[in-house]
Structures are given as C-alpha cells and as structure tokens.
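In what follows, a structure is listed as structure tokens, so that the remarks can point back to it.
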Protein chains: 2
Amino acid sequence: MTADRKELAALSPEERQAVILEKVNAAGRVLAAGLAQEFGVSEDSIRRDLRDLSDAGLVQRFHGGAARLVTPALDFHRREALHAEEKQSIGRAAAAPIPDGATLLVDSSTTVVRFVRALSPALSLRIITTAVDVAAAALDHPLAEVVMLGGRLGRLTRSATGAGAIDAIRALRVDYCVLGTCGIDHGLTLRADDFEDAHLKSAMIRAANKTLLLATADKLGQAATYEVAPIAAVSALFTSSRDTAILKAIREAGVDVETV
Amino acid sequence: MTADRKELAALSPEERQAVILEKVNAAGRVLAAGLAQEFGVSEDSIRRDLRDLSDAGLVQRFHGGAARLVTPALDFHRREALHAEEKQSIGRAAAAPIPDGATLLVDSSTTVVRFVRALSPALSLRIITTAVDVAAAALDHPLAEVVMLGGRLGRLTRSATGAGAIDAIRALRVDYCVLGTCGIDHGLTLRADDFEDAHLKSAMIRAANKTLLLATADKLGQAATYEVAPIAAVSALFTSSRDTAILKAIREAGVDVETV
DNA sequence: CATATATTTGCGTGTTTGTGCATGATTAGA
DNA sequence: TCTAATCATGCACAAACACGCAAATATATG
C-alpha cells in the first residue's frame with residue numbers, strides 16, 4: 001500500500017530499503033535488475049540496499065537478487081516437526097476447556113494446528129481461519145463447520161493477508177480467538193516486517209470474547225518491534241515455559257497462565 | 001550464446017535445490033534429465049545441485065538422479081500416488097502447455113492437485129483457488145502468487161462454497177480455468193446434491209478465457225443430473241479414457257482432446 | 001550566507017559465481 | 001565382456017558482484 005512512488009522524487013535509502021523489504025516478504029523474492037528499474041536508480045544502489053538488509057538479517061541474498069529469509073520450500077512441515085511434543089501438549093491443554101458450540105477464530109501457526117487436532121471430536125464447533133493448514137486440520141474434525149477467510153496467501157505463514165481478510169474479521173463476533181504466532185514481551189509482539197499481519201491479529205483479538213495465546217518457551221521474553229496488543233488483552237496463556245519471572249508478571253496483568 | 005535466452009525467470013541454485021529437495025521427498029526419487037527439462041537448465045547444473053544436496057546429507061544419489069534418504073513409513077501420500085498414477089500423468093499433460101505469466105483459476109479435486117504440482121517451477125504464475133489442498137500445493141511452487149477464495153468449506157471437496165465465493169469469481173478475469181471434478185456426458189455434469197458447486201463451476205468457466213478439463217477414465221459417460229455447462233464450453237480435455245465413441249463425440253463438439 | 005562535513009550516487013575496474021559445452025572416466029545393464 | 005548412458009573435471013563466457021573514486025546532493029556549523 002505504501003509503494004506509491006512519485007516518479008522522480010528520490011527516496012532515501014532507508015525508505016527504499018523499507019519498500020524493498022516489504023516487496024521481498026510479499027513476493028518471496030526480488031531481482032536486483034527489476035528493482036533498479038522500478039526505483040529509477042542504478043543496480044549498485046539496489047545492491048547496497050540488499051547488502052544492508054542482509055547484514056541486518058532481514059533478507060537472504062542470492063545472485064540476481066534477494067529472497068525471504070525462510071524460503072517457502074523448507075517449510076511448514078519442518079517447523080511443525082520442531083518442538084513437536086512441546087506444541088502437542090500446549091495444544092492439548094488449550095483445547096481442553098473449549099465448550100461445545102463455540103465459535104473459534106484461529107490464526108496461522110504450527111502450534112494452533114496441534115490445538116485444532118486436539119479438539120474433542122464430540123464437540124460441535126465453528127472454526128474460522130485464514131490459514132490453509134489450520135483449515136485442512138479443521139476439516140478432519142467430524143463435527144466442525146469450517147470457514148476459510150480469503151485473500152492473497154503469504155508464503156511464510158501460508159495464510160491469507162490483506163485488507164479483504166481484515167474486513168471480513170471486523171464483521172465477525174466470536175467466542176474465542178486462538179493465537180500462536182506472537183512473541184511476548186510486555187505485550188504481544190510481531191516482527192516489524194509483517195506489519196500487515198499485526199493489523200490482522202489485532203482485528204482478530206477485537207472480534208473475540210476471549211483470547212487464548214499458545215506459546216512455546218522460546219516465544220516468551222522475545223521482544224519484537226511491533227506491538228499487536230497489550231498483554232492484558234489475553235484471557236489465558238498456555239505455555240511450556242518455566243520462566244517464573246515473566247510468568248509472574250503476566251499473571252499480575254490479569255492473564256490466566258497455564259504451564260504444561 | 002545468442003539465440004533466445006529463456007525469458008523464464010531463472011531460479012537461483014539455492015531455490016532450485018530447495019524445490020528439488022521437496023520433489024525428492026514427495027516423489028521418492030527424481031531423474032536428472034527430467035529436472036533439467038523442468039527447470040530449463042542443463043543437466044550439468046542439476047547434477048551440481050544433486051551433488052550439493054548429497055554433500056549436505058539431504059538426498060541419496062544414484063545413477064540417473066537422486067532418491068529420498070530415509071523412506072518414511074508408508075505414507076498416505078504414497079498410497080495416493082500409487083493408486084493414482086493415472087491422475088499424475090493427466091496432471092502432467094495438462095500442465096505442459098501452460099505459458100509463463102498465466103493466471104489460473106483452479107477447482108478442487110485430487111487430479112488438479114497433481115496438475116498444480118506438475119507445473120514447471122520456472123513459470124511465474126498466479127493461481128486462484130477455492131480448495132485448501134490446491135492452495136497448499138500451489139504454495140510449494142516457488143514463483144506462484146496464490147490467492148485463496150474464502151467461504152464455508154465443504155467437507156467432501158475441502159473447498160469454499162457459497163455466494164461469497166461465487167461473487168468473488170464473478171469479478172475475476174483469468175486465462176485458464178482448470179476443472180477436475182465434473183462428470184462428462186453430453187455436457188459437464190455434477191450430482192444434484194451439490195448444486196451450489198454447480199453454480200460455482202459455471203461461474204469459474206465464465207470467468208476464464210480457456211477451460212481445461214481433467215478427467216480420469218471413470219468420469220466419462222457418467223451422467224449426472226445437473227448440467228454445469230455444455231461440453232463445447234471446454235477448450236481442452238485431458239483424460240486417461242480410451243472410450244473412442246465418447247471421445248469422438250467430444251472432439252466433434254470442438255474440444256481438443258488429449259489422451260495420456 | 002558561506003563553508004565544511006557527511007551522505008548518496010553512478011561509473012570504472014577487477015573478482016566471483018553460475019552456467020553450458022567438451023573431454024574422458026565410471027557405471028548399469030545386456 | 002561390450003555398449004550406452006551417466007557422471008566428473010576442466011575450461012570459457014556472461015552475468016552479478018565488491019571495491020574504490022569522483023561528482024552531486026544534503027546537512028551541519030560558524
């Protein structure tokens with residue numbers, strides 16, 4: 001949305017790099033030659049930008065351009081296999097208190113996929129999601145009604161993004177919002193590079209009566225630049241972390257913390 | 001080095017290796033010659049890729065290609081592949097003529113999933129679908145932009161239904177519509193019980209410049225109650241059927257029939 | 001306002017990487 | 001064994017790259 005260019009107005013390197021980073025995360029990969037033409041600068045400047053972004057650890061370079069850090073190919077399944085047991089038990093714990101007839105709004109993450117799989121088959125549920133993998137898992141549930149929110153799919157999250165999805169969420173009113181992707185510091189945080197997702201998640205939280213947060217141990221204390229919501233917006237946190245200091249602080253914010 | 005250098009977007013070696021690794025793990029084994037053709041590079045480059053992957057301990061090489069390092073306990077993907085070599089070759093045949101830069105509107109079926117997997121990784125495509133499994137497969141394609149149309153998901157087709165999806169399709173204008181679920185009699189037919197899907201499919205056909213129909217042998221001559229469109233609405237039929245009588249009739253309706 | 005300093009940019013130079021082709025070596029299969 | 005296919009190695013070429021330098025621009029300071 002910010003890509004509006006005034007044809008000849010020269011952008012500062014910072015601005016340009018911000019736009020490039022956005023493009024990389026949206027498209028998966030960009031070519032130096034194409035960027036040079038788009039911005040009306042030489043390829044050298046683009047290369048300098050790419051090097052800066054690479055040094056900052058935000059993109060991965062290759063000959064001809066740059067790509068997103070985590071390539072889509074080495075993918076979801078690999079991440080899912082990582083810390084599988086931990087995610088499994090978090091998912092199980094979070095699924096336990098879900099009552100019959102509930103409507104759930106579920107974001108995209110490997111942990112919430114476990115959560116969906118752990119939901120009792122005896123429950124009649126309504127599961128709404130933007131993520132293809134969550135939708136696929138939810139369809140295996142015998143009684144769930146599954147609604148997929150559409151849009152352009154992000155390669156990394158394998159989930160819908162953009163204004164369409166956000167608008168659809170704004171029109172919703174659900175019992176539970178189930179999140180698994182956020183880092184937790186003083187609030188729920190996301191890396192700045194997917195700031196579109198941040199809007200999506202805060203819309204999800206607003207649409208829900210209660211917000212459940214599922215977080216593996218590595219998520220706690222992970223400060224990221226973009227704050228989606230204050231920690232008090234969360235109703236309950238399910239985590240494998242044993243970091244008593246942080247957990248105590250979260251409890252004192254009024255969050256029901258359950259460790260597994 | 002003159003001649004027409006490929007206009008196709010060249011993948012970096014890293015990206016190519018990631019895709020190859022995926023293919024190896026999905027298919028069990030790959031052939032160097034086939035990969036070279038798919039990626040539009042020489043066999044030498046493929047061999048270098050395979051050597052790198054082998055050095056990294058990710059695949060096992062053999063003369064002619066490479067194989068998965070550890071064969072997982074019988075996978076349900078494997079069962080599907082074994083049972084449906086027919087679908088595989090139909091998908092491959094239908095994928096072959098798709099040009100670079102095309103926009104595809106894809107319906108839900110196991111056959112079109114094969115089609116999506118068979119699309120050359122060297123192509124820049126835009127894949128729009130209502131089916132979660134198609135979306136998941138499309139996200140593995142390195143250059144595709146994937147758009148998921150939202151809505152309530154049907155349990156059987158694992159795909160969006162309803163007025164929302166139909167409206168979204170009405171607003172589209174695409175190059176190819178790829179269908180795999182219809183029966184074929186005198187026209188494209190669907191069982192009466194999913195008449196909502198019939199509306200969806202006819203909207204998809206109307207949105208497209210060309211309609212490709214992928215049909216396993218059992219689909220031909222299968223009369224069902226609801227007619228989605230006349231057979232002449234189809235541009236090309238890819239099928240494993242050898243039923244000369246029906247195929248002749250279809251050809252005479254102006255459809256380009258290709259048997260595999 | 002003028003000058004000094006810093007930043008950014010484009011171009012030239014040499015270096016690295018990726019690729020394809022040629023030439024032998026190796027292997028699978030008859 | 002023999003034969004054809006596959007493979008490794010060396011080489012050449014083009015594309016992409018990093019580095020240094022000078023001109024242009026922006027920013028700061030007296």
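None of the values given here were measured: they were computed from a predicted structure. In what follows, every heavy atom counts, from backbone to side chain, and hydrogens, waters and symmetry copies are set aside. Just so we're on the same page: letters track the sequence lines, and every chain starts at 1.
- Rounded to an integer number of Å, the gap from B:Asp52 CG to D:dA8 C1' is 14 Å.
- Comparing B:Phe62 and A:Gly64 by the nucleotide of DNA chain D whose heavy atom lies nearest to each, the residue mapping closer to the 5' end is B:Phe62.
- For the residue pair A:Glu86 and A:Ser240, a side-chain donor N or O sits within less than 3.5 Å of a side-chain acceptor on the partner.
- A donor-acceptor contact under 3.5 angstrom links the side chains of A:Thr110 and A:Lys87, judged on distance only.
- Axis angle across the helix from C:dC1-D:dG30 to C:dA30-D:dT1, with five pairs used at each end and values rounded to 10°: 40°.
- Using modelled atom types, one side-chain atom of B:Asp175 and one backbone atom of B:Thr103 make a donor-acceptor pair closer than 3.5 Å.
- One N or O on the side chain of B:Thr239 and one on the backbone of B:Ala215 form a donor-acceptor pair closer than 3.5 Å.
- As a whole-Å value, the separation of A:Arg16 CZ from C:dG10 C1' is 12 Å.
- Taking atom CD of residue A:Gln37 and atom P of nucleotide C:dG10, one finds them 14 Å apart after rounding to whole Å.
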Tabulated below should be each protein N or O lying under 3.5 Å from an N or O of nucleotides 18-28 of chain D; please produce it.
residue : atom : partner : partner atom : Å
D:dA18  : OP1  : A:Arg61 : NH1          : 2.9
D:dC19  : OP2  : A:Arg51 : NH1          : 2.9

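- For B:Ser120 (side chain) and B:Glu38 (main-chain N/O), a donor-acceptor pair under 3.5 Å exists by modelled atom type.
- With hydrogens and angles ignored, the 3.5 Å screen pairs a side-chain donor or acceptor of A:Arg68 with a backbone N or O of A:Asn25.
- The distance from atom CG of B:Asp55 to atom C1' of D:dA8 is 13 Å, rounded to the nearest whole Å.
- Per the geometry, CG belonging to B:Leu50 stands 16 Å off C1' belonging to C:dG18, to the nearest Å.
- Nearest nucleotide to the side chain of A:Ser45, out of C:dT9, C:dG20, C:dG18: C:dT9.
- Counting only distance, with no hydrogens or angles, the side chain of B:Gln60 and the backbone of B:Ser54 share no donor-acceptor pair below 3.5 Å.
- For the pair B:Glu15 (side chain) and B:Ser12 (backbone), a donor-acceptor distance under 3.5 Å is present.
- With rounding to whole Å, B:Glu43 atom CD is found 14 Å from C:dA22 atom P.
- Following rounding to the nearest Å, A:Asp49 (CG) and C:dT7 (P) show an atom-to-atom distance of 16 Å.
- Atom pair B:His63:NE2 and C:dA28:P shows a separation of 5 Å (rounding to whole Å applied).
- Counting only distance, with no hydrogens or angles, the side chain of A:Ser159 and the backbone of A:Ser108 share no donor-acceptor pair below 3.5 Å.
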